[in-house]
2 protein chains.
Amino acid sequence: MTQEQDQQPRGTRVRGTKQASALASALTSLPGFCSAQEIHAELRRRGETVGLTTVYRHLQVLSETGAVDTIRDPSGEILYRQCGSTVHHHHLTCRVCGSSVEVEGRAVEQWAEKVAAEAGFTAVDHTVELFGLCPGHSASPMEPPA
Amino acid sequence: MTQEQDQQPRGTRVRGTKQASALASALTSLPGFCSAQEIHAELRRRGETVGLTTVYRHLQVLSETGAVDTIRDPSGEILYRQCGSTVHHHHLTCRVCGSSVEVEGRAVEQWAEKVAAEAGFTAVDHTVELFGLCPGHSASPMEPPA
DNA sequence: CCGAGAATAAAAACGATTATCATTAACAGC
DNA sequence: GCTGTTAATGATAATCGTTTTTATTCTCGG
Ligand SMILES: [Zn+2]
Ligand SMILES: [Zn+2]
Ligand SMILES: [Zn+2]
Ligand SMILES: [Zn+2]
């Protein structure tokens, strides 16, 4: 359907910059969903010199190509994560630590298609996000770290 | 079924301001999901004098009490709509005109609970939005304005 | 009619994201 | 290994939806 047709004129297209690899490394090591600014801070913490603009630009490209997944936290901020599978899936994310479980939703996909068809809608895309408390943070209900 | 059920605790709580009723009227007449700024513009168009701040504040309260539903459009902007049913439901919204169909998702609810339980997550909340093209805007499939 | 307090609204603040643009540096060719 | 081309970078400014601030207005009970 949405086949990519990259017309890369010979080998001069994607430059192997150290920023790109540093970002890739950070994304791989970060366990859960993080905001662009958190990722930027993490890179700084590692001693890498990567500008915030570059972080944003790379994350945007990576998300467009499907290399990273994006979700919106309840406040609207975009969170990024490098995911294991490239097939369509959704996420169950902890509100406290950001750790995330990838969930497959055959049932959701079918439901979405069904209700869309019944309403006569076409080109329907869906957003499905699950937020909760992971097992580690479900333990003590009364423990706001503040 | 569209009866108002104000749960206002007697006395000094909700004042009968003209702005509130103007906003309520606009919300009732607007067919689909609109942004706060669109609603504000609509009120201005009607000759009502309502500040943007007031629109935001009322929409926030109304969404908290469940009187209006909110979704986030793909760009992150919050859209509001007065919905028919007060029970939990989701929306199938047209990307072009904003017209929306309320869809009930027993299957989704069960799926969400199931995957949350399997992962050991608690206090799980879900966001499910469907965006597509309504029957009226599905007409010409080949029409990229670019 | 008066006054306390809620409601309003203009303007300023806020914060995440994007655009700008001068500078840097990766890579192909020499 | 140099060098030039040119994509990539990143500090800064701009954008824009939303929130906060604050002075003013208005509602409503007495
Ligand atoms: Zn994922
Ligand atoms: Zn899906
Ligand atoms: Zn609704
Ligand atoms: Zn639901």
Side-chain angles (χ1 to χ4, degrees), chain A residues 6-27 33-65 67-81 98, chain B residues 6 8-27 33-65 67-68 70-81 98:
Chain A
D6 281 335
Q7 291 276 30
Q8 303 179 3
R10 295 282 72 184
T12 320
R13 196 48 187 264
V14 172
R15 290 183 177 177
T17 68
K18 66 179 63 170
Q19 287 88 350
S21 58
L23 180 55
S25 168
L27 275 173
F33 277 90
C34 302
S35 72
Q37 320 220 19
E38 285 172 337
I39 293 171
H40 177 241
E42 170 65 17
L43 288 170
R44 280 289 183 79
R45 203 172 302 124
R46 295 182 177 201
E48 303 285 353
T49 60
V50 182
L52 181 58
T53 310
T54 302
V55 173
Y56 269 110
R57 182 160 5 90
H58 277 183
L59 288 174
Q60 187 171 324
V61 172
L62 289 172
S63 64
E64 284 171 1
T65 62
V68 303
D69 283 353
T70 67
I71 61 179
R72 269 182 198 280
D73 82 3
S75 80
E77 195 170 355
I78 302 178
L79 307 182
Y80 304 84
R81 185 198 179 197
Chain B
D6 286 347
Q8 299 145 14
R10 287 294 93 178
T12 322
R13 198 49 184 265
V14 170
R15 290 184 174 176
T17 69
K18 66 179 62 172
Q19 287 88 350
S21 57
L23 180 55
S25 168
L27 275 173
F33 276 91
C34 300
S35 71
Q37 319 220 18
E38 285 172 338
I39 293 170
H40 177 242
E42 169 66 17
L43 288 170
R44 280 292 182 80
R45 203 173 300 124
R46 295 182 178 200
E48 303 284 353
T49 60
V50 182
L52 181 57
T53 313
T54 302
V55 173
Y56 270 110
R57 178 161 22 83
H58 277 180
L59 287 175
Q60 189 170 326
V61 172
L62 289 172
S63 64
E64 283 171 1
T65 61
V68 303
T70 67
I71 61 179
R72 264 180 202 279
D73 80 5
S75 81
E77 195 169 356
I78 303 177
L79 307 181
Y80 304 84
R81 185 197 181 198

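Per chain, numbering begins at 1; letters A, B, ... match sequence-line order. All values reported here derive from a predicted model rather than from experimental measurement. Note that these values count all heavy atoms, side chains included, but never hydrogens, waters or copies made by symmetry.
- B:Leu59 has its side chain within reach of B:Leu27: a pair of non-hydrogen atoms, C-beta onward, lies under 4.5 Å apart.
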Within the sub-3.5 Å range, which N or O atoms of nucleotides 10-18 of chain C have a protein N or O partner, and how far apart are they?
unit_1 : atom_1 : unit_2  : atom_2 : d
C:dA10 : N7     : B:Thr53 : OG1    : 3.4
C:dA10 : N6     : B:Thr53 : OG1    : 3.0
C:dA11 : N6     : B:Thr53 : OG1    : 3.4
C:dT17 : OP1    : A:Ile78 : N      : 3.0
C:dT17 : OP2    : A:Tyr56 : OH     : 2.7

Between side-chain atoms of residues 16-24 of chain A and protein atoms elsewhere (two or more places apart, or another chain), which donor-acceptor pairs fall under 3.5 Å?
unit_1  : atom_1 : unit_2  : atom_2 : d
A:Thr17 : OG1    : A:Ala20 : N      : 3.1
A:Ser21 : OG     : A:Lys18 : O      : 2.9

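- Remark: B:Arg72 pairs with no residue by the side chain to side chain donor-acceptor pair (under 3.5 Å) rule, at least two apart or across chains.
- An OP1 or OP2 oxygen of C:dA7 is reached within less than 4.0 angstrom by no side-chain nitrogen or oxygen of B:His58.
- In terms of phosphate contacts, B:Thr17 brings a side-chain nitrogen or oxygen within less than 4.0 Å of OP1 or OP2 of C:dT8.
- Under the rule for a side chain to side chain donor-acceptor pair (under 3.5 Å), B:Glu38 has no partner lying at least two apart in sequence or in another chain.
- Considering only residues two or more places apart in sequence or on other chains, A:Arg44 meets the side-chain contact (heavy atoms from CB on, under 4.5 Å) condition with A:His40.
- No hydrogens or angles were tested; on distance alone, a donor-acceptor pair under 3.5 Å links the side chain of A:Arg15 to the base of D:dA7.
- The side chain of B:Gln19 places an N or O atom within less than 4.0 Å of a non-bridging phosphate oxygen (OP1 or OP2) of C:dA9.
- Here B:Tyr80 pairs with nothing under the ring pair (Phe, Tyr, Trp, His ring centres under 6.0 Å) rule; sequence neighbours left out.
- Contact annotation: B:Arg57 reaches the phosphate of C:dT8 (side-chain N/O to OP1 or OP2, under 4.0 Å).
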